[in-house]
2 protein chains.
Amino acid sequence: MSLEHAILGFLSSQPLSGYDLKKIFDTSVSHFWPADQSQIYRTLGRLVDNGWAEMEVVNQSDRPDRKVYGPTPAGRTELLRWLEAELPLAPTRSPEMIQVFFASRLADDQVLAMFERVAAQMRSGLAAYDAIPQDITAYENYTHSPREFYFWMLTLEIGKMQLRANLDWIENMIQRIRDGEVPQS
Amino acid sequence: MSLEHAILGFLSSQPLSGYDLKKIFDTSVSHFWPADQSQIYRTLGRLVDNGWAEMEVVNQSDRPDRKVYGPTPAGRTELLRWLEAELPLAPTRSPEMIQVFFASRLADDQVLAMFERVAAQMRSGLAAYDAIPQDITAYENYTHSPREFYFWMLTLEIGKMQLRANLDWIENMIQRIRDGEVPQS
DNA sequence: GCTTCTTATAGGACACATCCTATATATTAC
DNA sequence: GTAATATATAGGATGTGTCCTATAAGAAGC
């Protein structure tokens, strides 16, 4: 399971609590693997059950106690195994593509509105990517080596490139509709 | 829910059974919305419960009886509403990106192997797209107008373009690793 | 004659993810 | 003073999708 291994990946750099992990997920991998807080805690429990992680309670006087997790040797081995494993390619589910598929039921101006709506979503997505700092100093709490940081930035790069490609395609489609290239019946 | 509306979309062209729908899904939208047989039957039941579809039993002498479904007026209205609706952008989950994110744990030759493995998967994916006939005569049982067919082919086009873009990016990455551009520590 | 395939429908069990809520304490804002 | 926010963990209910199995009968292969 991917979430298990993503968590193992983070734990392999430093010991972390569920609360820490939620913050880290939201600031790093959420664009290709969002994680629910509740699910993170449950998955941490499962990692311990599997023997892949161990937990230590850290007492705090002014705040609730933390449960800090770290990988066991078996967990580190499992992470490396998974990183090299061939993944059964995950089906991409895109409700927007269903809208495109059945767009023939709509009139051209409605189709145009649909594409422009999606294009606007994508443009704001691109803007969100551009707002992410690309400078290693902004991530000093989370990343521990230039190599780690390099692959992190790669995932941003590919995410941006995919969005860019889709947006280009949609803008091209909008032009095609305006040019009357779409059959009417 | 997307599957409900995809089924409604197909029913809006012609009355269909669950068995028909499974075959149609597998030959048309499965690359962006795969559907389990069991789930199709359950969803058809829900469509009837919602008042969006109605069912008619068609007796057959030599084979099991068919339950053929068609949209109600409310179902047609709902389909059009949904086609124009703004969708809460679905989170893209990509386990491969998790592998990239934590690739710093591997040595360069292992990272290279990982990327080449993914590239090979993508090339066979592209080949699969190319094997799909782009000719309307191949789909006469499923598609009913040039306009319908046009949007169908668009979904293939964008699927192919996305794969192509990802493959280009990965091939570029492979070169970067070979050129020693990736930090070692 | 036996097995397998095709047509046809459907439920049980399970996995994974999301949403909402509960609990507890300290700080900060108005 | 009161409300909201931050730190910290976790369970219940629900939604969505997958896997496996059951049922039933004719057709096709060996």
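Below, read A as the first sequence line, B as the second, and so on, with proteins coming before strands; counting in each chain starts at 1. Keep in mind that what you see is a predicted model, and the values were worked out from it rather than measured.
Within residues 3-26 of chain B, the residues that have a heavy atom under 4.0 Å from DNA chain C are, in order of number, B/Ser17, B/Gly18, B/Tyr19.
Here A/Gln39 does not reach the OP1 or OP2 of C/dC16: none of its side-chain N or O atoms lies under 4.0 Å away. Under 4.0 angstrom from either OP1 or OP2 of C/dA8 there lies at least one side-chain N or O belonging to B/Gln60. Using a 4.0 Å cut-off, no side-chain N or O of B/Arg63 falls inside it from OP1 or OP2 of C/dT9. Dashed line: the shortest gap from a side-chain N or O of B/Arg66 to OP1 or OP2 of C/dA8 is under 4.0 Å.
Side chain of A/Arg117 to main chain of B/Ala85: a donor-acceptor pair is present (N/O by atom type, distance under 3.5 Å, no hydrogens or angles).
Counting heavy-atom neighbours within 6.0 Å of B/Gln110 CD, excluding the residue itself, gives a total above 12. Other residues, nucleotides and ligands contribute over 12 non-hydrogen atoms within 6.0 Å of the CD atom of B/Gln134.
Atoms CD1 (A/Ile40) and C1' (C/dC16) sit 14 Å apart, rounded to a whole Å. Between A/Leu44 atom CG and D/dG11 atom C1' there is a gap of 15 Å when expressed in whole angstrom units. Look at CG on B/Asp36: it is 16 Å from P on C/dC16, rounded to the nearest Å. Atom CD in A/Glu56 sits roughly 15 Å away from atom P in D/dA8 (whole-Å rounding). Atoms CZ (B/Arg93) and P (D/dT16) sit 15 Å apart, rounded to a whole Å. Here D/dA25 presents its P atom at 14 Å from CG of B/Asn59, a figure rounded to the nearest Å.
Taking 4.0 Å as the cut-off between side-chain N and carboxylate O, A/Asp108 and B/Arg147 count as a salt-bridged pair. Salt bridge B/Glu116/B/Arg178: present, at least one basic N to carboxylate O contact under 4.0 Å. Comment: A/Arg123 engages A/Glu171 in a salt bridge, judged by a side-chain N to carboxylate O separation of less than 4.0 angstrom.
When distances run from any side-chain atom of B/Tyr41 to the nucleotides D/dA8, C/dA8, D/dA10, the shortest one goes to C/dA8. Checking D/dA10, D/dG17, C/dC16 against the side-chain heavy atoms of B/Met1 singles out D/dG17 as nearest.
Looking at A/Arg42, its side chain comes within 3.5 Å of the base of D/dG12 through a donor and an acceptor atom. The base of D/dG11 lies close enough to the side chain of A/Ser38 for a donor and an acceptor atom to sit less than 3.5 Å apart.
Within 4.0 Å of B/Asp62, counting heavy atoms only, lie sugar-phosphate atoms of the nucleic acid but no base atom. Across all strands, B/Arg46 comes closer than 4.0 Å to no nucleic acid atom at all (heavy-atom distances).
Between B/Phe10 and B/Phe25, a ring centre-to-centre spacing shorter than 6.0 Å is recorded.
Between B/Trp33 and A/Lys67, the residue anchored nearer the 5' end of DNA chain D, judged by the nucleotide with its closest heavy atom, is A/Lys67. If B/Pro64 and B/Pro91 are placed on DNA chain C by their nearest nucleotide, the residue sitting closer to the 5' end is B/Pro64.
Under the 30°/60° scheme for interplanar angles, the aromatic rings of B/Tyr129 and B/His31 are found to stand perpendicular.
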